[in-house]
Engineer: 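Would you mind keeping the following structure in view while I ask a few things?
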Amino acid sequence: MEVRLDRAKSLIREVKDYPKTGIVFKDITPVLKDADAFSSVIEGMAENLSEAEFDYVAGIEARGFILGAALADRMGKGFIPIRKKGKLPYSTISKDYALEYGNATIEMHKDAISKGSRVILVDDLLATGGTAKAAAELISEAGGEVICIMFMVELESLRGRGQLGSNRVISLMKY
Ligand code: AMP
């Protein structure tokens with residue numbers, strides 16, 4: 001059964017020039033607020049994983065937490081947060097990556113992943129792919145195996161998929 005995502009897609013709000021001039025921000029909060037639309041997104045992700053064998057869902061701060069945690073619960077798996085620098089309380093491992101202007105760092109607890117753990121990585125949106133690439137590298141360096149990288153939205157013109165190498169990449173809605 002194919003999950004119907006047209007309604008959820010129609011609820012995504014485009015905010016021009018946020019957070020800076022020239023960016024059209026895809027605001028998913030109206031989707032999250034709508035119980036049926038939110039559920040269809042999580043169901044769409046779950047459906048793509050029906051054959052996958054994995055141990056954890058890892059979500060990227062912040063909207064990747066919302067989708068990733070709901071997906072983890074739906075699949076009966078644990079959730080691992082990947083956060084911006086300085087937010088996790090215990091010892092961390094980290095990865096620097098380049099943004100359009102400047103750099104950023106993401107972190108994960110050093111004991112979040114045990115060797116051989118099979119992980120689904122989730123974020124709300126794939127743009128240039130830099131964030132997801134860094135997160136996937138962090139999981140691999142910790143000894144985990146990235147089974148699939150899952151997004152609600154993909155901005156195809158930015159070719160982020162190309163950054164993600166041989167990883168299996170799934171997005172539910174494309175622009
Ligand atoms: P990137 O590393 O370029 O793939 O950017 C992905 C991250 O930035 C994700 O966590 C997105 O939530 C956020 N992001 C980038 N571009 C947009 C956009 N146009 N609308 C909403 N979020 C975006």
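In listed order, ligands and their atoms are each counted from 1.
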Engineer: Is it true that the NZ or CZ of Lys77 lies under 6.0 Å from the centre of Phe54's six-membered ring and within 45 degrees of the ring axis?
Structural biologist: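 The answer is yes; both the distance and angle limits are met.
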
Engineer: With heavy-atom distances below 4.5 Å as the criterion, would you say the side chains of Leu5 and Met152 are in contact?
Structural biologist: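 Answer no - side chains too far apart.
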
Engineer: Is any side-chain heavy atom of Ile28 closer than 4.5 Å to one of Ile66?
Structural biologist: no

Engineer: Distance under 4.0 Å, heavy atoms only, partner ligand 1: which residues pass?
Structural biologist: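 Under the 4.0 Å cut-off, ligand 1 touches Val24, Phe25, Lys26, Arg63, Asp123, Asp124, Leu125, Ala127, Thr128, Gly129, Gly130, Thr131, Leu155.
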
Engineer: What pairs with Phe38 under ring-ring contact (aromatic ring centres under 6.0 Å, His included), at least two apart in sequence or on another chain?
Structural biologist: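 Testing Phe38 for ring-ring contact (aromatic ring centres under 6.0 Å, His included), a comparison that skips the adjacent residues, returns none.
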
Engineer: Measure the shortest side-chain to side-chain distance between Arg83 and Glu107 over non-hydrogen atoms and say whether it is less than 4.5 angstrom.
Structural biologist: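 No. Closest side-chain heavy atoms not under 4.5 Å.
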
Engineer: Given the ring of Tyr175, does Lys9 sit roughly above its face, with NZ or CZ under 6.0 Å from the centre of the six-membered ring and within 45° of the axis?
Structural biologist: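 Judged by the rule, Lys9 and Tyr175 form a cation-pi pair.
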
